[in-house]
Each structure stands twice: as structure tokens, then as C-alpha cells.
Amino acid sequence: MADPKGFLTTGREVAETRPVGERVKDWNEVYVPGSLLPIISKQAGRCMDCGIPFCHNGCPLGNLIPEWNDYAYREDWSAASERLHATNNFPEFTGRLCPAPCESACVLGINQPAVTIKNVEVSIIDKAWGNGDVTPQPPERLSGKTVAVIGSGPAGLAAAQQLTRAGHTVAVYERADRIGGLLRYGIPEFKMEKSHINRRIEQMRAEGTKFRTETEIGRDIDAAKLRRRYDAVVIAAGATVSRDLPVPGRELNGVHFAMEYLPLANKVQEGDLTVSPITAEGKHVVVIGGGDTGADCVGTAHRQGALSVTQLEIMPRPGEDRNANQPWPTFPMLYKVTSAHEEGGERVYSVSTTHFEGDEDGNVQALHLVEVEFKDGKLEQKPGTERSIPAQLVTLAMGFTGTDQANGLVQQFGLELDERGNVARDGEYATNVGGVFVAGDAGRGQSLIVWAIAEGRSAARGVDRFLTGASALPAPIRPTDRALTV
């Protein structure tokens, strides 16, 4: 146990953010650099060393949280890093981007503020990089087997790193011009600076992983030919088909999917563009969708100089405390104020878009909405509540419906899909095509970064067993496992 009186004498304290007026003028991460280290050892000491640590169940990676909390409390950063990496290939990603279901499952959280697990995690890994504790781990010998990984998001990268370290020769194929998938072009710089991805890629290159960018399997390379070239294939292409909003006026200029809008802003930060072709500057912006992607659009619009930002959500506003029907240790639906929401804008709940209104040149100018409510388990419009709000830029951030089938990958492989449109797989993450496996959102559907990494690690074990007959690689989850929710 870290500090026997830790949670009794130390209250919860989280990372300090930079002032709003300062941070909206740049694209750097919102947190004050170095602000966690002076407080994080005491925060780690709040961990209770529970008899049954439910944080393990809340996290699909099975992170050894009490162990690295103890090391962080004692400021043994090397040991803490070793325990952290034992279950997670990329803790600097999860420590910045994960909504921390482990904290929702923290036993202390039953009647007190939970341990700041996410802040401890990111402090450990940042300290490890600074101390030089994160080094390449190339395999001692090669197996002579080759693996292609399609997609370089967190699931693909985790699978690739595990398989490379197991001795296989791995090549990662990415259709974008840079490695990282949604980590690269879907996550704004102010949530995670891309230097964190770049140094992991260099570590993986030093271990032996090969990367092939601007290569889309299905279009640039026939999937069947790829299968014949490699001993095994891992599909980690994500669930990239955005959910659309088929209402009148959808075709107007200025109505875009979030994943049309966000990548362009990131390309400006990469130096590829001077100004984004889709910008919020001087415009009334409406974001449809109340999740994390919607919040990313809100923060991006602030930094581009939007005249106003309004975020719409069809569901009612969640409460600030757990509902009785969402008991510990499940992940509760709570009213969440992200750093983007702290920066301004209006959030409107229980509304549905009826249509868009444009000007004579075909540019969107207004969004018409109506209030909705649940009746007999169904959402119904409330008569007399129709109104319009100004909108010169609209981003659709309503989630994703499945993996891309337009590029031919699914058809060329001959893959079977499940009832939700995801690539079907068995208990070993294997598809119906011999030697072809699937990991991440392509098989699970839209999910969290921790689930993607856990799937990549688990699928790697299935691939390793297929290639060699046995495997010592860990498999933290089964394809059928689901989050702790009700």
C-alpha cells in the first residue's frame, strides 16, 4: 500500500489547465506543463490497495493500477514505468485521451472522489520519456513469418508492436500521409500534441516495424493480393463511416462531417496547409453531437476564431451525480465539462434538427430545430418549440456506423459482417478468411482508445498462435467482452 492514510489526509487534485484566454490563441495542450509532478506522488498515495481493485475491471487493458500508484508514491519512476508498460503499449495516449473508466470503478469512488488514475498514468510515462526509460525492444530472433497490419490507429499500432516484439516481420499500411489514424488527424493538437505519436513511431521503427503510408488496401493494393504476400493480415481499419443526418438542406455548402473538418485543422498544425479550407473564422458554428468528437469540434472552432459556437445534443442533459440506475462500478453518464466547453459556447440538450436553410448561393445560413422528449420510451417532438439559430458552419459529430466498404477491402477479402455491420470474428479475433484477423473498431464498432489497444494486444496473440502454434503474448480481453455499463 502506498500511504495508509492517503485518502484520509489528501483530497483529490487534478491537472492545472492554462487560462482560457491564453490557450485559445494557440494549439498547444491545455494543461500547464509540469504542473502535475509536484502533486502527483501524494495523489498516487490516495490509492487504497483494495482487496479487490475494481479499477482493473473498469479498464479493459487490466492495468496494474495499485502497483504503479505505489511506485509513483515512492517516486520510483522506472519501476512505475515498467508496471505501466506491462499492460499498455501507449500510456501517453490513454493518459491524455481516455475518459478513465478505471476512475469510475475506483473503490474509493463509492463515497469519495476517486483516485486521479489518469493523471498518475500520464505523469509516469512523461517522466519515463524524460528519464530515458522508454527504449526500443527489438526481438532476440526473427520467426521468419510476415504480417500486414491495415490501419495505424491505436489498435493497429498495438498489434504491430506486439507482433514485432514476438519476432515477426510486420508492415503497417496506412491510407493517410502520416501514421496515427484518428490519433493523428481526428484528435486536435490541444488534446494531444503529435510529438507523442512521433516518438512512439520512432521506437517502433527501431524495433523493426515497417510503415507504408498513402497506401489504401482495396484501392491501391488488392486485398486478395496482400493476403497472398503475407503469412497473416490484421485489419485495424477502424469504424470510419460517419453517421449522416438526412434532413432537407444537408447538401448545402458549409455542412460537413466532423472528420472532414478536424483533419484539415490538424494538417495546418503539421505545416501542410497555411489555412484550413474549412474554417470557423468569423462564423456562427453549430456542432451536432454531444460526445467527445463534438467537443473537439467546439475547441477547434474557438481557436479558429468562431463568432459563436453552439453544440446540440438530442438526448437530455445528464446529471452531475450518479443516477441510482448507474451504480458503482459501472461507467456513469454524467454531465461532462471538457476543456473545450470551458472555453465558451452554448450547449443545448433535447433538441433535434429538422432542416437547414441556405442563401441564394447555396451556403448554409441557419439551422432549424425542435425540442424533443421521451414518451413511452420513444423520442417525440414537442409541438410549438420550433426555432432557428444562425449557422454558417455545421459539423456532424454523431458517431460512426462501421468500417469503410466503399474502398473494396471487405469485398476483396470476402469478409463476413456481423448484424451491426462490423467485420465478424471468432474468439481468436480471426475472420472467416484464413489468416486474416480483425482488431479495434472495425470488429467491435465505435469504442474507446483503451478498448482499441486492448483489442490490438489480444488480436496479436491470436495471430502469433496462428503463425507458431503457441503464444506467450497477453490477451486482456475477448472479442465479446463489453464495458462495465448498465
Side-chain angles (χ1 to χ4, degrees), residues 99 101 104 239-252 254-261 284-298 301 308-327 330-338 340-341 345-358 364-391 393-402 418-422 441 444-448 482-486:
S104 299
T240 57
V241 179
S242 300
R243 180 173 284 108
D244 209 343
L245 184 62
V247 299
R250 169 63 180 88
E251 75 286 351
L252 291 168
V255 183
H256 301 276
F257 289 120
M259 289 310 299
E260 294 173 330
Y261 174 60
H284 294 289
V285 177
V286 178
V287 178
I288 302 179
D292 288 338
T293 303
D296 293 344
C297 292
V298 170
S308 70
V309 183
T310 305
Q311 186 176 17
L312 308 181
E313 169 59 54
I314 196 169
M315 301 299 290
R317 171 178 163 165
E320 298 187 13
D321 299 307
R322 280 185 184 270
N323 290 331
N325 65 348
Q326 296 177 342
T330 62
F331 189 75
M333 296 298 295
L334 300 176
Y335 179 69
K336 184 168 68 171
V337 179
T338 70
H341 297 128
E346 183 182 4
R347 303 168 75 177
V348 184
Y349 290 87
S350 298
V351 293
S352 178
T353 302
T354 60
H355 64 282
F356 301 109
E357 179 183 340
V364 67
Q365 292 297 305
L367 179 149
H368 292 255
L369 54 81
V370 63
E371 294 180 16
V372 295
E373 61 182 345
F374 275 103
K375 282 189 176 180
D376 300 323
K378 296 181 180 180
L379 274 175
E380 295 185 5
Q381 296 183 2
K382 297 172 67 174
T385 61
E386 300 85 355
R387 61 188 174 98
S388 67
I389 57 177
L393 172 63
V394 178
T395 60
L396 308 180
M398 303 179 297
F400 303 89
T401 60
D418 63 20
E419 65 278 3
R420 301 183 66 185
N422 304 314
D441 291 1
R444 175 171 291 271
Q446 180 185 350
S447 190
L448 303 177
R482 292 296 181 263
L484 271 173
T485 58
V486 291

(message) Restricting to side-chain hydrogen bond (donor to acceptor under 3.5 Å, both in side chains), what partner residues turn up for T338, sequence neighbours left out?
(response) H341
(message) As an exercise, state the distance from CG of L396 to SG of C297, rounded to the nearest 0.5 Å.
(response) 9.0 Å
(message) Which residues pass the side chain to side chain contact (heavy atoms under 4.5 Å, CB included) test with Y349, not counting sequence neighbours?
(response) E313, R317, P318, Y335, R347
(request) Indicate yes or no: at least one non-hydrogen side-chain atom of I389 is less than 4.5 angstrom from one of V286. (result) yes
(request) State, yes or no, whether a side-chain contact exists between F331 and L484 at a heavy-atom distance under 4.5 Å. (result) no
(request) Using side chain to side chain contact (heavy atoms under 4.5 Å, CB included) as the criterion, list what pairs up with P390, not counting sequence neighbours. (result) H284
(message) Among residues at least two apart in sequence or on other chains, which ones pass side chain to side chain contact (heavy atoms under 4.5 Å, CB included) with H256?
(response) E260, I278, L393
(request) With sequence neighbours excluded, tell me which residues meet side-chain hydrogen bond (donor to acceptor under 3.5 Å, both in side chains) with Q381. (result) none
(message) Looking at D321, I want to see if its CG is surrounded by more than 12 non-hydrogen atoms of other residues, nucleotides or ligands under 6.0 Å.
(response) no
Side chains of residues 241-248: which donor-acceptor pairs under 3.5 Å do they make with residues two or more places apart or in other chains?
from	atom 1	to	atom 2	distance (Å)
R243	NH1	M398	O	2.7
D244	OD1	R250	NE	2.7

(request) Mind checking the CG-CD1 spacing from L312 to I288? Nearest 0.5 Å is all I need. (result) 5.5 Å
(request) Test M259 against F400 for side-chain contact (heavy atoms from CB on, under 4.5 Å), laying out the working first. (result) CA-CA 10 Å; M259 289 310 299; F400 303 89; 3.7 Å; yes
(message) Tell me if a side-chain donor or acceptor on E346 pairs with a main-chain N or O of Q311 at a distance below 3.5 Å.
(response) no
(message) Nearest 0.5 Å, please: how far is CD1 in I314 from OG in S352?
(response) 4.0 Å
(message) Among residues at least two apart in sequence or on other chains, which ones pass side-chain hydrogen bond (donor to acceptor under 3.5 Å, both in side chains) with D292?
(response) K336
(request) Write out all pairs satisfying salt bridge (charged side-chain N to carboxylate O under 4.0 Å, His left out) with one or both partners inside residues 376-389, taking only residues at least two apart or from two chains. (result) E371-K382
(request) Any chance you could measure M315, atom CE, to L379, atom CG, to the nearest 0.5 Å? (result) 6.0 Å
(request) Not counting sequence neighbours, which residues clear side chain to side chain contact (heavy atoms under 4.5 Å, CB included) with R322? List them please. (result) S104, W328, T330, P332
(message) My understanding is that only residues two or more places apart in sequence, or in another chain, count here; which of them pass side-chain hydrogen bond (donor to acceptor under 3.5 Å, both in side chains) with T240?
(response) R175
